[in-house]
**Student:** 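I'd like to ask you about the structure that follows.
This is a predicted model, so every value here is computed, not measured.
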Amino acid sequence: MTADSNPTKFKVFIGLLIVLLFSLGAYTYHLFSKNQDSEKSIITLENEKKDMEAELEELIANYEDVIQSNEIKDKEIIAAKARIETLLADVKKAKLNEGLLKRYKAEIAALKQERVVLFKKADSLSRENKMLLAQNDSTNTLLNNTYKVVDSISNSNSILSETLKNGALVQAINLKSEGVIVRKSGKVVETQRASRADKLRACFTLAPNEISESGDKLLYIQVINPENNILGEKESITFEKEELTYSTTVKVFYEKEALDVCSLINASEDDLVKGRYVINVFEESRLLVSNIIELK
């Protein structure tokens with residue numbers, strides 16, 4: 001080997017070393033660049049993940065507003081909200097890569113389109129519900145007004161019926177009472193002295209009434225002496241839980257025209273005392289007329 005070959009080999013070695021150094025530098029730069037790109041990719045994916053989470057949370061909030069504001073219980077809307085909540089949970093747990101990122105973005109885009117369709121439907125249903133409620137309110141108002149009119153008519157009829165019923169009742173007027181002496185001849189003589197009287201007489205008139213019923217009327221006469229004793233028969237009768245003790249009865253036939261009625265009331269000597277006497281005339285338990293006399 002000559003001396004000239006050594007420098008040549010050295011030069012070749014130096015050249016190879018330089019090439020290796022350049023190759024190592026290039027490889028190192030490549031690794032560094034790749035690492036930088038990887039870090040940028042991870043940051044980008046994390047940002048994308050946060051953006052997707054925010055979009056999904058906004059979608060959930062939109063559905064909540066629609067459900068609460070309109071009180072909608074639509075099954076499709078509730079199911080869509082549940083799907084969004086499930087996807088949000090998946091995104092939060094996932095370690096994203098480009099493939100997952102594209103899939104999630106596609107799902108979110110589909111959910112947004114679905115939101116548009118469902119919200120239009122919900123808005124339409126809400127308007128229909130409001131119209132139905134308005135119609136129901138109108139119908140209820142009409143029915144309530146009708147019921148009020150019917151109630152008013154019914155009340156008016158009841159009042160009219162009661163008025164007619166009361167108007168049809170027989171009335172008694174001009175009651176005149178007195179102590180009397182009955183002669184053997186049958187002649188009746190009036191007296192104001194209790195010691196001379198042997199009976200009391202009550203005379204009155206049944207007033208004319210075109211709307212009253214014609215027919216027999218049984219009237220009850222009650223005489224109460226100053227000692228609060230009832231004269232005459234002292235019989236008792238009950239009308240709808242009301243008891244009446246009477247002195248005598250008188251039966252007449254009433255034909256809607258004025259009818260004069262008189263009746264004698266028996267009395268014992270002990271019952272005919274000085275003082276004030278109350279005379280009442282009843283039709284059943286209804287007081288027709290009353291007056292007071294005084295015997296000396």
**Student:** Under a single-linkage definition using a 4.5 Å side-chain heavy-atom cutoff for Ile, Leu, Val, Met, Phe, Trp and Tyr, are Val278 and Leu295 assigned to the same hydrophobic cluster?
**Tutor:** no

**Student:** Could you state the interatomic distance from CG (Asn62) to NZ (Lys81), rounded to the nearest 0.5 Å?
**Tutor:** 12.0 Å

**Student:** Measuring from Asn291:CG to Ser177:OG, what's the distance to the nearest 0.5 Å?
**Tutor:** 3.5 Å

**Student:** Report yes or no: do Val281 and Leu200 belong to one cluster of Ile/Leu/Val/Met/Phe/Trp/Tyr joined by side chain heavy-atom distances under 4.5 Å?
**Tutor:** yes

**Student:** Other residues, nucleotides and ligands only: do more than 12 of their heavy atoms fall within 6.0 Å of NZ on Lys234?
**Tutor:** yes

**Student:** Is it true that, when you exclude Asp216 itself, more than 12 heavy atoms of the residues, nucleotides or ligands shown sit nearer than 6.0 Å to its CG?
**Tutor:** yes

**Student:** Considering all heavy atoms of both residues, which atom of Thr245 and which atom of Ser236 are nearest to each other, and what is their separation?
**Tutor:** OG1-OG, 2.8 Å

**Student:** Measuring from Ile84:CD1 to Leu59:CG, what's the distance to the nearest 0.5 Å?
**Tutor:** 4.5 Å

**Student:** If I compare all heavy atoms of Ser212 with all of Tyr254, which pair ends up nearest, and what's the gap?
**Tutor:** OG-CE2, 3.8 Å

**Student:** Measure the NZ-OG distance between Lys256 and Ser214 for me, rounded to the nearest 0.5 Å.
**Tutor:** 4.5 Å

**Student:** Please determine whether residues Leu288 and Phe239 belong to a single hydrophobic cluster, defined as Ile, Leu, Val, Met, Phe, Trp and Tyr linked transitively by side-chain heavy-atom distances below 4.5 Å.
**Tutor:** no

**Student:** Heavy atoms, side chains only, cut-off 4.5 Å: are Leu244 and Phe282 in contact?
**Tutor:** yes

**Student:** To the nearest 0.5 Å, what is the distance between CD1 on Ile293 and CD on Glu178?
**Tutor:** 7.5 Å

**Student:** Only one of Lys199, Arg196, Arg193 clears side chain to side chain contact (heavy atoms under 4.5 Å, CB included) with Ile181; which?
**Tutor:** Arg196

**Student:** Please evaluate residues Arg201 and Val188 with respect to the criterion side chain to side chain contact (heavy atoms under 4.5 Å, CB included), reporting the C-alpha separation (whole Å), side-chain torsions for both, the decisive distance (0.1 Å), and the verdict.
**Tutor:** CA-CA 9 Å; Arg201 180 170 64 182; Val188 177; 3.5 Å; yes

**Student:** Consider side chain to side chain contact (heavy atoms under 4.5 Å, CB included). Of Lys274, Arg276, Gln192, which one does Glu294 pass it with?
**Tutor:** Arg276

**Student:** Do Tyr220 and Leu259 sit in one hydrophobic cluster, given that two such residues count as connected whenever their side-chain heavy atoms are within less than 4.5 Å of each other, even indirectly?
**Tutor:** no

**Student:** Counting only heavy atoms not in Glu210, do more than 12 sit closer than 6.0 Å to its CD atom?
**Tutor:** no

**Student:** Does a side-chain heavy-atom distance below 4.5 Å link Met52 with Ile108?
**Tutor:** yes

**Student:** Can you tell which of Val180, Val223, Ile230 makes a side chain to side chain contact (heavy atoms under 4.5 Å, CB included) with Ile265?
**Tutor:** Val223

**Student:** Stepwise, does the side chain to side chain contact (heavy atoms under 4.5 Å, CB included) test hold for Leu87 with Arg83?
**Tutor:** CA-CA 6 Å; Leu87 181 58; Arg83 287 197 300 275; over 6 Å; no

**Student:** Is there a side-chain contact between Thr249 and Ile221, using heavy atoms and a 4.5 Å cut-off?
**Tutor:** no

**Student:** Would you sort out whether Phe204 and Asn174 count as a side chain to side chain contact (heavy atoms under 4.5 Å, CB included), showing the intermediate values?
**Tutor:** CA-CA 5 Å; Phe204 54 91; Asn174 301 330; 5.9 Å; no

**Student:** Tell me, do Ile60 and Leu88 make a side-chain contact under 4.5 Å, heavy atoms counted?
**Tutor:** yes

**Student:** Determine the sole option in Val252, Asp260, Val289 for which the side chain to side chain contact (heavy atoms under 4.5 Å, CB included) test with Leu206 is passed.
**Tutor:** Val252

**Student:** Can you tell which of Glu53, Glu85, Glu57 makes a salt bridge (charged side-chain N to carboxylate O under 4.0 Å, His left out) with Lys92?
**Tutor:** Glu57

**Student:** Of all the heavy-atom pairs spanning Asn280 and Ile224, show the shortest one and how long it is.
**Tutor:** ND2-CD1, 4.4 Å

**Student:** So Lys50 and Glu46, salt bridge (charged side-chain N to carboxylate O under 4.0 Å, His left out) or not? Walk me through it.
**Tutor:** CA-CA 6 Å; Lys50 289 179 181 178; Glu46 287 297 325; over 6 Å; no

**Student:** Determine whether a donor-acceptor pair (N or O, by modelled atom type, separation under 3.5 Å) exists between the side chain of Asn225 and the backbone of Asp271.
**Tutor:** yes

**Student:** Do the non-hydrogen side-chain atoms of Tyr277 and Leu272 ever get within less than 4.5 Å of each other?
**Tutor:** yes

**Student:** With a 4.5 Å limit on heavy-atom distance, are the side chains of Asn266 and Leu231 in contact?
**Tutor:** no

**Student:** Give, for atom NZ of Lys176 and atom CD1 of Ile279, the distance between the pair rounded to the nearest 0.5 Å.
**Tutor:** 12.5 Å

**Student:** Go through the steps to decide whether Lys217 and Lys251 satisfy the test side chain to side chain contact (heavy atoms under 4.5 Å, CB included), and finish with yes or no.
**Tutor:** CA-CA 6 Å; Lys217 301 286 182 184; Lys251 188 175 182 180; over 6 Å; no

**Student:** Locate the shortest heavy-atom distance separating Tyr246 from Glu233; write the atom from each residue and the value.
**Tutor:** CE1-OE1, 3.5 Å

**Student:** Of all heavy-atom pairs between Ala258 and Pro208, which one has the smallest distance, and what is that distance?
**Tutor:** N-CB, 3.7 Å

**Student:** Give a yes or no on whether the backbone of Val170 and the side-chain of Asn209 come within a donor-acceptor separation of less than 3.5 Å.
**Tutor:** no

**Student:** Start with the C-alpha gap between Ser263 and Thr248, add the side-chain angles, then the distance that decides, and say whether side-chain hydrogen bond (donor to acceptor under 3.5 Å, both in side chains) holds.
**Tutor:** CA-CA 8 Å; Ser263 179; Thr248 190; 4.5 Å; no

